[in-house]
Amino acid sequence: MMIEAINNGTRPIILTEIVAIASNGGQRSQGLGEDFIDVKLEDQQRIILHDEDLKGTLAPADSEFLTVDLYFEDTLGNKHYVKDAKETLEKYYNKGI
């Protein structure tokens, strides 16, 4: 599985973490970037996260509560939900993509 965040705005954005929402309403979060330091994205810059980057965030497939949605949070506290995350996570857990 791959998750990508792109800054489509004209101003820089600083992402601080990715947050996973569990089926029971709980949340798990993980910092971004090298040594989990904030990631600054200029106009049209992107960050790509793969399965191995998300091991601390995604619930294991055998967990009682699975991850059902994902969002990035920025330094202003804004939530940027991952497009099609719900469908992708369902495929990830059901088919192991």
Side-chain angles (χ1 to χ4, degrees):
M1 181 171 64
M2 178 184 79
I3 296 173
E4 180 177 49
I6 303 170
N7 181 4
N8 286 324
T10 55
R11 296 185 202 153
I13 185 169
I14 301 172
L15 300 176
T16 57
E17 62 186 350
I18 185 160
V19 179
I21 302 171
S23 56
N24 68 345
Q27 297 183 349
R28 297 172 91 177
S29 64
Q30 175 179 319
L32 298 172
E34 191 172 320
D35 298 324
F36 303 110
I37 297 172
D38 302 348
V39 173
K40 181 178 181 180
L41 298 177
E42 300 288 345
D43 182 30
Q44 300 304 313
Q45 276 190 313
R46 65 187 67 213
I47 180 174
I48 298 173
L49 302 174
H50 298 277
D51 293 8
E52 56 273 7
D53 301 320
L54 300 169
K55 290 213 185 278
T57 306
L58 295 179
D62 61 353
S63 174
E64 182 179 353
F65 302 108
L66 300 180
T67 303
V68 294
D69 208 355
L70 294 165
Y71 65 85
F72 290 92
E73 190 166 317
D74 65 25
T75 53
L76 300 176
N78 296 318
K79 298 176 182 178
H80 306 275
Y81 282 86
V82 176
K83 183 179 177 181
D84 299 326
K86 293 178 183 179
E87 295 82 6
T88 302
L89 286 163
E90 186 175 326
K91 290 177 187 176
Y92 175 77
Y93 286 120
N94 292 330
K95 298 178 184 174
I97 62 169

A.B. asks: Output the distance between atom NE2 (His80) and atom CG (Leu15), rounded to the nearest 0.5 Å.
C.D. replies: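 Nearest 0.5 Å value for the NE2-CG distance: 6.5 Å.
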
A.B. asks: Sequence neighbours excluded and cut-off under 3.5 Å, please list the side-chain donor-acceptor pairs for residues 36-49, or say none.
C.D. replies:
| residue | atom | partner | partner atom | Å |
| --- | --- | --- | --- | --- |
| Gln45 | OE1 | Glu42 | N | 2.6 |
| Arg46 | NH1 | Glu4 | OE2 | 2.6 |

A.B. asks: Do Asp51 and Leu58 have side-chain heavy atoms sitting under 4.5 Å apart?
C.D. replies: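 When only atoms from C-beta onward are counted, Leu58 and Asp51 do not touch, as no gap falls below 4.5 Å.
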
A.B. asks: Could I get the full list of side-chain hydrogen bond (donor to acceptor under 3.5 Å, both in side chains) partners for Glu73, not counting sequence neighbours?
C.D. replies: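 Glu73 satisfies side-chain hydrogen bond (donor to acceptor under 3.5 Å, both in side chains) with no residue once adjacent residues are dropped.
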
A.B. asks: Return the set of residues passing ring-ring contact (aromatic ring centres under 6.0 Å, His included) with Phe72 (not counting sequence neighbours), or none when no residue passes.
C.D. replies: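 Here no residue qualifies.
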
A.B. asks: With sequence neighbours excluded, tell me which residues meet side-chain hydrogen bond (donor to acceptor under 3.5 Å, both in side chains) with Asn7.
C.D. replies: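 In terms of side-chain hydrogen bond (donor to acceptor under 3.5 Å, both in side chains), with neighbours along the sequence ignored, Asn7 is linked to no residue.
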
A.B. asks: Determine all donor-acceptor pairs shorter than 3.5 Å in which one atom belongs to a side chain in residues 61-69; sequence neighbours excluded.
C.D. replies:
| residue | atom | partner | partner atom | Å |
| --- | --- | --- | --- | --- |
| Ser63 | OG | Phe65 | N | 3.3 |
| Ser63 | OG | Phe65 | O | 3.2 |
| Thr67 | OG1 | Ala59 | N | 3.0 |
| Thr67 | OG1 | Tyr93 | OH | 3.3 |

A.B. asks: In Å and rounded to the nearest 0.5 Å, what is the CG to CD1 distance from Leu54 to Ile18?
C.D. replies: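 Leu54 CG to Ile18 CD1: 5.5 Å, rounded to 0.5 Å.
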
A.B. asks: What is the distance from atom OG1 of Thr57 to atom CD1 of Ile21, rounded to the nearest 0.5 Å?
C.D. replies: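 Between atom OG1 of Thr57 and atom CD1 of Ile21 there are 12.0 Å.
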
A.B. asks: Got a donor-acceptor contact below 3.5 angstrom from the Asn78 side chain to the Asp74 backbone?
C.D. replies: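 Side chain of Asn78 to backbone of Asp74: no pair is present.
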
A.B. asks: Taking C-beta and beyond as the side chain, do Lys86 and Tyr81 meet within less than 4.5 Å on heavy atoms?
C.D. replies: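 Lys86 vs Tyr81: side chains apart.
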
A.B. asks: State which residues pass side-chain hydrogen bond (donor to acceptor under 3.5 Å, both in side chains) with Thr16; sequence neighbours excluded, sorted by chain then number.
C.D. replies: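 Listed in chain order: nothing, the list is empty.
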
A.B. asks: Is it the case that one hydrophobic cluster holds both Ile3 and Tyr92, taking links as side-chain heavy atoms less than 4.5 Å apart, direct or via other members?
C.D. replies: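 Both belong to a single hydrophobic cluster.
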
A.B. asks: Would you list the pairs meeting salt bridge (charged side-chain N to carboxylate O under 4.0 Å, His left out) in which at least one residue belongs to residues 9-31, sequence neighbours left out?
C.D. replies: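 Counting only pairs at least two positions apart or across chains, no salt bridge (charged side-chain N to carboxylate O under 4.0 Å, His left out) contact touches residues 9-31.
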
A.B. asks: Going by the side chain to side chain contact (heavy atoms under 4.5 Å, CB included) test, name the single residue among Leu70, Thr88, Val19 that passes it with Val82.
C.D. replies: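 Going through Leu70, Thr88, Val19 one by one, the side chain to side chain contact (heavy atoms under 4.5 Å, CB included) with Val82 is satisfied by Leu70 alone.
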
A.B. asks: How is the hydrophobic cluster of Ile14 composed, in terms of its other members, when Ile, Leu, Val, Met, Phe, Trp and Tyr link through side-chain heavy atoms under 4.5 Å apart, directly or indirectly?
C.D. replies: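 Cluster partners of Ile14: none, it stands alone.
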
